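Working notes, beginning with the structure itself.
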Amino acid sequence: MTTELAARYTPADVEPAILARWNDARAFHADPADTLEHGRKPYAVVIPPPNVTAALHMGHALNNTLQDILVRWRRMAGYNAMWMPGTDHAGIATQTVVEKRVLAQDGKRRTDFAREDFVAKIQAWKDEYEATITNQLKTMGCSCDWDRQAFTMDPPRAKAVREAFFRLFKDGLIYRGKRLVNWDPATQTALADDEVENQEIDGHFYYLRYPLVKTTASPASAYAESYITVATTRPETMLGDTAVAINPRDPRAAALRGMSVRLPIVNRIIPIIEDDYVVLPVEYGGDPLDTKAQFATGFLKVTPAHDTNDWDIGLRHHLPVINVLSPTAAISKDHGWPEEDFAQGDDELRNLLGMDRFEARKAIVEWFRREKLLAEVKPYRHSVGHSYRSHVPIEPYLSDQWYVATTKAIHGHRAGENVPGTEVAAESLVGFALRAMEPTQRGGEYGARSREVMKTDEVQRNRPWEGRLRFIPERYARNFQTWHENPRDWCISRQLWWGHRIPVWAADLPRPADIEPKPTDRGPDAQVYAALDTAVGGKFSAVFSQKFPAAQYHLTVPDQQGSPDHVRVYICLRHEHQACEAWLKSCGFVQDPDVLDTWFSSALWPLSTLGWPDDTAELAAWNPSATLSTAREIITLWVSRMVMFNIYFRDCLPFRDVFIHAMIQDGEGRKMSKSLGNGVDPLDIIHSHGSDGMRYTLAQMTTQTQDVRLPVLRDAATGRNTSDRFDLGRNFANKIWNAVRFALSYLNEDPGDTTGADTELALADRWILSRLARTVHDTDASLESFEFSGYAQGLYDFIWRDLCDWYIEIVKPTLRQSMVQRGVLAVCLDVSLRLLHPVMPFLTEALWEPLNWAAPDRGAGVLGKGVPGIQIPVSKLLIRSVWPIVPATLIDPEAEGEFALAQQVITAVRQVRTQYKVPPRQQIEVSAKVPPALAQKAIMRGLLMETLCNLTVRDLGPKVEKPAGAAVAAVGQIEIYLHNLIQADAEKDRLGKKLDELQRSIATLEGRLSNASYVDRAPPHLVKQSQDQLVAAKAEAENLRGQIAAL
RNA sequence: GGGCGCUUAGCUCAGUUGGCUAGAGCGUCGCUUUUACACAGCGAAUGUCGUCGGUUCGAAUCCGGCAGCGCCCACCA
């Protein structure tokens, strides 16, 4: 049976069938037993789980192509390779898209539904997009172990999240804190700092006057004015001011010391305090180049509840915190605003209640204007944080949140034992992350100190993970390090419905009056236990363990233990246990309504996908995994947290190498994003160029750069995007298809009588095998060092330039008879397909089968003695075939040098042919003068010329003279005379140009060699080289002059 | 404001420890379709390597200044 290949490669006709073949063979599936029982080296990659918010775009296509290249390569190279697929629930992002859709479709808001009903809607969305994403990845050919597909909110992952939370909670690393968070009033949720986008907006500085109040404590002041002026961009927050601050270095500070101001509208009396944070205005010694100093008045209104810096000032000066906003960012007295303000405040105060923050801003400014307390308004362009989802300005908002203490020393830590060169406790989550860094990638003081310590301190080396985390490209290690040297605690609660519910139940229990509260270092005190015992009608621990012998819990109380009447208690349950939860509810406990930050479950991904917290074979085999490939913007959000958690929970790294791929931008250099609408669906590209074409092009673009531009064309008729950048990969695929098609047409044929045919490797054979050996070597080196572009480019050059343009063209006339050439060609194609398979899996797999039919032994019988050492055992499926071993001994510098000379001669002859407009099909006659040393070999070159230049060699040797009327093609000392092309003027012209070129290079060389410093100081071999070149160039120039004269 | 990266042919980009006349793909021009492949072949044109200065026998490459672009972090008086 022979397989007829079409003249053109049509991916759509091939890819689905190949995919089915892989599926039938379960070719993507990996078994941990291969490692644990049979000793195969493990190679695991966990996919960065795409968000289920939307379909994948080109950035995902790039990242997943690179991962697939690594996994397929390692699989062929004999590793037990497993690629773990899955998706991320992406809390806020997914909830937001669903809220938008429900609002657009039904005109309903989230709060119009019961929590479970709305979560079901999000679940449906998730199912839809998870299917879309999975289909995209499969269509791309990603060889994920689909049997293992995971989702960050499925039951096994929920179990891991719960366990992780419980352990952190029990170890005192999770705490409840009252903090200012980035509040999104539209979605009513707290955002992480990283979820806030800054936008430049045109705003105003409002200059507000606060009247001074003289108190008994203040001296009869010398201060000239009866008011001070504060500057603010957010006048509405003045309602919550609890102080006005001045810099102690301000010359006016002394005169105001001890004085107060009356806060307009509210009539609250607030102190003037002194704090270094306040920027000095230019006229009082501020930096004239500082924009803030130009706008500053020297007086800063301090609103601890509504500004993060003011919160810090408030802590320093023990100021009251007055929250004047509701969660929707309307002025409200129901969230911590003392009633007495409303007794003494102006009528205006009541009018403001219920107003939106921007409405209130206008009203307050207007009021100040009316009351002649508005000094000035200046336009001011500044950046304002916006929610990355709802795009409304965020509001710093006081709320209760759960935090992970990332810098807190984990028990067992000895005081003062910090990560060298930092303030970070060595045995803390952040300490783990820093110490995990590969020592050569550590920079600055930390790098210097830690390398010193690692040399001397045994303790530092007793951790299996220490010093092994490596970033590629290396520069990203610095991002990672800097982030961890300035750590903050991690806010893990989100006011959302879509996510892992926080497994904590809280109760405010009546405070037992008869027991003294006794503060302790750790854990609840006697009073708390008494309150609990009362609530459950017995000793709490006894009651609990009697009722639920299998359940486990941990108790904590917050730092501020509630009100005088009540104590607050938090109970974290280790496992899901409905009966226990119901019982807690009956005792007055309420489950925390919030869910966990998405990154909490993502941080566990390398663990949870392998079955943690259970002690599974998968974990033993594939954690730590080998490589994480991801985007630079989540180095801190995600990479850091996986490292911290994996070390904390399992005492090993989640992965050793972190490859950071480029960001794909559109033609204008903008990041591809859904909001800009410039994203590209990989399926569109697959539609226009095929999966392999897309994958090859993406790999070829992956250099060490951090951004890649991809100009995109949109087809108005179909709405599909495409880009001619992908022509590169599509054309290459077609080229390979046709090279194999060509080879098959010969290999499938009976050679007939081969007596007298070549049995030795000729120059071209030795040359192409040498190039093949180099290509295998370069491919391995590129893949080892994550140089995807080099990998792709190297194969392009070998297959297209060397194999197709030269070798195949040379062997065409003789291939039918030559078993040597057949064998060499089969070997070259075999190895090429293997090397290409990781990046172009469909095409190569499709061609593998017909190659197996046509050349089952790859010509081994003939080549047995000629090409030793190539190991390419043939198996049915390429994906399961072994990575080729081609010995470096095949690298043949002599053949390469000789062949290169032949190439130059052939190119020179072709140039002359073109210049004289000789029709390609017209055969011409030549003779050639070659130096004696080359005469024998040059016969071979003559044969190559006859094939590749369509000519007949009449005469060849050291003594050949140029016939009259011949044009000359010269390479070094070789001269080819193309007969009967007599056009004296044209030839003069042509040779004159060559002479000019030669003379320029003679001048350059002479200049260089006449420079004494060069001759003395440059490496001798370079000097020698220049000298040789000069001699050769002079001889050639002399020769040319003679030819021109003879014309 | 701090950090990182980029600036090389019309476009998108290579150029790995400094060393022949700076390369590729696309595009352009010419020739070639009973040819494995026109998604092809052969040949050609196109560059003060952003700019100024320094180190060096020698700089696209190393160092410094300047300009422009992009990303990340911090920042709402």
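Letters go in sequence order (proteins before strands), and every chain restarts at 1. If you're wondering where the values come from, they're calculated on a predicted model, not measured in any experiment.
Going from the C1' atom of C39(B) to that of U46(B) covers 25 Å, rounded to whole Å. Straight-line distance between the P atoms of G19(B) and G23(B): roughly 13 Å, to the nearest whole Å. Nucleotides C42(B) and U21(B) are separated by 23 Å at their C1' atoms, to the nearest Å. Rounded to whole Å, the P atom of C66(B) lies 26 Å from the corresponding atom of A74(B). C62(B) sits 26 Å from C72(B) when the P atoms are compared, rounded to a whole Å. Nucleotides G15(B) and U8(B) have their C1' atoms positioned 9 Å apart, rounded to a whole Å. Distance noted for atom C1' between U61(B) and U16(B): 11 Å (whole Å). For the C1' atoms, the distance linking U7(B) with A60(B) amounts to 12 Å, nearest Å.
Checked against C13(B), A36(B), G19(B), the side chain of Tyr1014(A) finds its nearest nucleotide in G19(B). Here the nucleotide nearest the side chain of Leu1022(A), chosen from U33(B), G19(B), G3(B), is G19(B). Comparing C69(B), A36(B), G3(B) by their closest approach to the side chain of Glu809(A) singles out A36(B). Across C72(B), G19(B), G43(B), the shortest atom-to-atom separation from the side chain of Glu633(A) is found for C72(B).
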Query raised in the report: Can you give one letter per nucleotide of nucleotides 21-26 of chain B, going 5' to 3': B for a protein heavy atom under 4.0 Å from the base, S for sugar-phosphate only, - for none?
Result: S--SS-
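Using a 4.0 Å heavy-atom distance criterion, Tyr746(A) is classed as making no nucleic acid contact. Heavy atoms of Lys917(A) sit nowhere under 4.0 angstrom from any nucleic acid atom. Backbone-only contact: Thr703(A) has heavy atoms under 4.0 Å from sugar-phosphate atoms and none from a base. Using a 4.0 Å heavy-atom criterion, one finds that Thr482(A) contacts no nucleic acid atom at all. Counting any heavy atom pair closer than 4.0 Å across all strands shown, Pro393(A) reaches no nucleic acid atom. Across all strands shown, Asp805(A) has heavy atoms under 4.0 Å from sugar-phosphate atoms exclusively, and none from any base. Looking at heavy-atom distances under 4.0 Å, Thr907(A) makes contact with sugar-phosphate atoms alone, never a base.
Between Arg361(A) and Glu236(A) there is a salt bridge, since a side-chain N of the basic residue sits under 4.0 Å from a carboxylate O of the acidic one. With respect to the salt-bridge test (charged N to carboxylate O, under 4.0 angstrom), the residues Arg478(A) and Glu485(A) do not qualify.
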Query raised in the report: Reading RNA chain B 5' to 3', how would its secondary structure be written in dot-bracket notation, given Watson-Crick and G-U pairs with both distances under 3.5 Å, brackets [ ] for crossing pairs and | for partners on other strands?
Result: (((((((..((((.....[...)))).(((((.......))))).....(((((..]....))))))))))))....
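The aromatic rings of Phe726(A) and His689(A) sit tilted, their planes meeting at an angle between 30° and 60°. Using the six-membered ring where Trp is involved, Trp800(A) and Phe732(A) have ring planes that are parallel, under 30° apart on the 30 and 60° scheme.
Taking CD1 of Ile660(A) as the start and CD1 of Ile635(A) as the end, the distance is 4.0 Å to the nearest 0.5 Å.
Shown here is Lys378(A), whose NZ atom has more than 12 heavy atoms of other residues, nucleotides or ligands within 6.0 Å. In the displayed structure, His777(A) atom NE2 is contacted under 6.0 Å by at most 12 heavy atoms of other residues, nucleotides or ligands.
Residue Arg475(A) places no side-chain N or O under 4.0 Å from the OP1 or OP2 atom of C4(B). Regarding contacts with the backbone of C39(B), a side-chain N or O of Arg8(A) is found under 4.0 angstrom from either OP1 or OP2. Considering only side-chain N and O atoms, Gln911(A) lies nowhere under 4.0 angstrom from the phosphate OP1 or OP2 of C42(B).
With no hydrogens or angles considered, a side-chain donor-acceptor pair links Tyr1014(A) and Ser1026(A) at under 3.5 Å. A donor-acceptor pair shorter than 3.5 Å can be found between the side chains of Thr814(A) and Gln821(A).
With Tyr9(A) as the aromatic partner, Lys735(A) does not meet the cation-pi criteria of under 6.0 angstrom to the ring centre and within 45 degrees of the ring axis. The cationic group of Arg252(A) lies under 6.0 Å from the six-membered ring centre of Tyr284(A) and within 45° of the ring axis, placing it in a cation-pi geometry.
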Query - salt bridge (charged side-chain N to carboxylate O under 4.0 Å, His left out) between Lys301(A) and Asp307(A), intermediate numbers included - result: CA-CA 10 Å; Lys301(A) 59 191 277 305; Asp307(A) 184 284; over 6 Å; no
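Remark: side-chain polar atoms of Thr303(A) are not paired, donor with acceptor, to backbone N or O of Ala305(A) under 3.5 angstrom.
Of the two residues near RNA chain B, Pro919(A) and Met663(A), the one whose nearest nucleotide lies more 5' is Pro919(A).
Listed in residue order, the members of residues 733-743 of chain A having a heavy atom less than 4.0 Å from RNA chain B are Asn734(A), Lys735(A), Asn738(A), Ala739(A), Arg741(A), Phe742(A).
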